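What you are looking at is a predicted structure, and each value in this text was computed from that prediction instead of being measured. Sequence lines set the chain letters: A, B, ... in the order given, protein chains first and strands last, and positions in each chain run from 1.
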Amino acid sequence: MAGFRLFDLNPEQDKAVRTIEGPLLILAGAGSGKTRVIIARTSYMLAQGVAPESILAVTFTNKAANEMRQRLSGMIEPERAKKVTMCTFHALCVRVLRQDIERLGYKKTFSIYDQGDQLGLIKKIITRTAARDEKLDPNVAKNLISKAKNSGWSEPRPGDEETLAAAVFARYQQELKTLNAVDFDDLLLLTVKLLNEHPDVRERWWRRFRYIMVDEFQDTNRLQLDLVSLLAKSPEHLPDQVPNVAVVGDDDQSIYGWRGAEVSNILEFEAHFSNPTVIKLEQNYRSTNIILGTANSLIKNNPRRRPKSLWSAQEGGEKVRIIGMQDDKQEAEFIVEEIQRRQTLEKLKWEDFAVLFRMNAQARLLEQNFRALKIPYRVIGGKSFFDRREIKDVLAYAACLLNPDDDVSLLRIINVPARGISDTTVEKATEWSIINRFSVFEAMKQEEFLNTLPSRTQNAIREFHNFLDEFETKLLEPLANQPAVLRSLVENSGYMKDLQRTCKTPDEWLNRETGIRDLLNSFEEYSGRTEKGLREFLDEMMLRQEQENEDDENNQGVSLITLHASKGLEFPIVYLVGVEEGIIPHDRSKVEGTGDEERRLLYVGITRAQKNLTLSFCRNRMKFGSAMHCMPSSFLKELDPELLDQQDVSEILTKPVTHESAADRFSAMRALLEGI
DNA sequence: TGCTTTATAGTTTTT
DNA sequence: CTATAAAGCA
């Protein structure tokens, strides 16, 4: 046991790995080897005789969960590794709810609605609810609802009834329930509710997971903390036992407050889990001390934080450059040209470079310049969203088979391809279904409703629901070949033909067809590999909305990435552009009082760099089509001047660097920064 | 039904 | 400026 030394760990990491009983807070600074610790700790627990089934590691993203799973199976026998639960919060909730959601009055066949489905439903409700003179942006409503749910309200707060938003919220929630659907927030909300209200269910899961780990704990919201507490703490009716819960995170990297994350979860961890062991991982394996010192000097200005100071064994390295640019055009030009130069001169790969920015809009100019010089680049995040119309359509067909009450999915495909069920018919069916408390699918089976329609429409509807019923029966047959059923459903629905017809170019058709083919193939593969069915497959598809960006071969080059999306990544050479007052910190942070989070955002950006970091700001910038004057970010003043090399682009371009001119520039720049 | 014109707003994003 | 959504039109 004392000889457990599979890993090369520093003393703090080692302590974190060996502390498996009781609450544990691991404050893992940027680049301090936190995933390593989680994996090592899991292996250690298994070596200590902990059953793999009783270990749960929760993450935020599928990417993180997959990476952990993979690294664990590379370290211990894959058969045992598989028995450890490593998944996202949402996937965990789906598992819990699929078993017992009936206790909350939903059916086990519930559908999961993504943002698009959610927005569609909200739009419909707004048009039904709002008076003529009232208007409510569906996206605003969606955010309000999400925020409310993440604070733990399943309905509007008392006293809010009059506002339109509250009315929409109430109707939305009620509607979801009749549709037998839940949105992403509900997955958390309902799981917490279930565990709260049903002690036996809670006890079962508590017995199941005796060792819990939470990754990126600084990003948890209220509900996620509640969920962890419910799973980790012994239920009231049982003798009190110390919860074995280890959370890993870094309060300095909390940058998702705007979507509900509560830094207080990590800052006040002791209030939620008493007498925890607290371990700080401050040794950084990523960057030079110059870069870390710059980061430290910035972040120490945040009032509410757990004091930490990153250090590295890597001494030396280049100073952090701060370059003042004339405008954003020059900034992009300069950086792209410099990257080109350095790539050849220093024999680097394009992948070694990253350009970070606050807003996606800033990527455009950079892209133009990269393209002009034929430098390969990839934009991480941004658009290229999960909205593939054809994929969503096929998934909607599948969702209808599994949950006939799912009106949103049904209405999506009811007349795709056109089968004689017009908008007005759908409108009538919806109306009738609301009045008579049926789902639309049920409503369309009622003779009473059908009789109100012209006979041609009646036939169209009958044909359609016979069609769906037929496939539903096939799907639910024991030993059914589900992938084949889905394939023939898509084929026989006439969807493919219709899709081909509406595609304007052969290229587009090929693209969309391949998408569907890939989807069907991956279900087939999934079905063969796991013995799970369409239900589980669909769940996974709904919960995997991430961009399929990743490192496929044809998608390499210089990374262009927002500060938010850069968290967790690292690059030898980093350019951080647009470090201006109004951008970082963003103008809005001033009214919203989120200046600390802006500082953390810059901190995250700085700590992405391994060897070399350049910050730049512009004196003028095109904003909404017109040139605006701008000032350097006030954060620049906070950086340790000892570690900086401050320059102006005009001087770099006109003359070679001498020590005297560097000193002159330095004082000129100080004066400029002080003057803010 | 599908297309063009006009209005409007304009961080950050995963599940 | 420019992306997107609603409104207007053939």
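The gap from the C1' atom of dT14(B) to that of dA3(C) amounts to 23 Å, rounded to the nearest Å. Going from the P atom of dT12(B) to that of dA5(C) covers 15 Å, rounded to whole Å.
Of the candidates Asp252(A), Asp251(A), Asp250(A), Asp252(A) is the only one forming a salt bridge (Lys or Arg N to Asp or Glu O under 4.0 Å) with Arg305(A).
Between Leu563(A) atom CG and dT13(B) atom P there is a gap of 10 Å when expressed in whole angstrom units. Here the C1' atom of nucleotide dT13(B) and the CD atom of Gln115(A) are 8 Å apart, to the nearest Å. Rounded to a whole Å, the NE2 atom of His564(A) is 11 Å from the P atom of dT14(B). Per the geometry, CZ belonging to Arg621(A) stands 14 Å off C1' belonging to dC1(C), to the nearest Å. Following rounding to the nearest Å, Tyr256(A) (OH) and dT15(B) (P) show an atom-to-atom distance of 10 Å. Across the protein-nucleic acid pair, Arg599(A) atom CZ and dT12(B) atom P stand 21 Å apart, rounded to whole Å. In this entry the distance linking CD1 of Ile126(A) with P of dA6(C) reads 10 Å, nearest Å. Protein atom CZ of Phe357(A) is 9 Å distant from nucleotide atom P of dT12(B), rounded to whole Å.
The side-chain tip of Arg98(A) points at the ring of Phe110(A) from less than 6.0 angstrom away and within 45° of straight on.
Because its glycosidic torsion is more than 90° from 0, dT12(B) is reported here as anti.
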Give each protein N/O atom lying under 3.5 Å from an N/O atom of nucleotides 4-11 of chain B, with the pair distance.
residue	atom	partner	partner atom	Å
dT11(B)	O4	Glu592(A)	OE1	3.0

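If Asn415(A) and Ala565(A) are placed on DNA chain B by their nearest nucleotide, the residue sitting closer to the 5' end is Asn415(A).
Remark: aromatic rings of Phe89(A) and Phe60(A) are close, center separation under 6.0 Å.
Side-chain atoms of Thr430(A) come within 3.5 Å of backbone N or O of Val426(A) as a donor-acceptor pair.
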Assess the residue pair Asp114(A) and Lys392(A) against the criterion (side chain to side chain contact (heavy atoms under 4.5 Å, CB included)); give the C-alpha distance rounded to whole Å, side-chain angles, the decisive distance to 0.1 Å, and a yes or no. CA-CA 10 Å; Asp114(A) 67 14; Lys392(A) 286 229 67 186; 3.1 Å; yes
Are Arg600(A) and Asp596(A) close enough, and set up right, to give a salt bridge (Lys or Arg N to Asp or Glu O under 4.0 Å), and what steps lead you there? CA-CA 6 Å; Arg600(A) 293 193 288 261; Asp596(A) 294 354; 5.1 Å; no
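Residue contacts for Asp185(A): at a heavy-atom cut-off of 4.0 Å it reaches no nucleic acid atom on any strand shown.
Ranking dT2(C), dT14(B), dT13(B) by closeness to the Arg364(A) side chain, first place goes to dT2(C).
A search for side chain to side chain donor-acceptor pair (under 3.5 Å) contacts involving Asp498(A) returns Arg501(A), not counting sequence neighbours.
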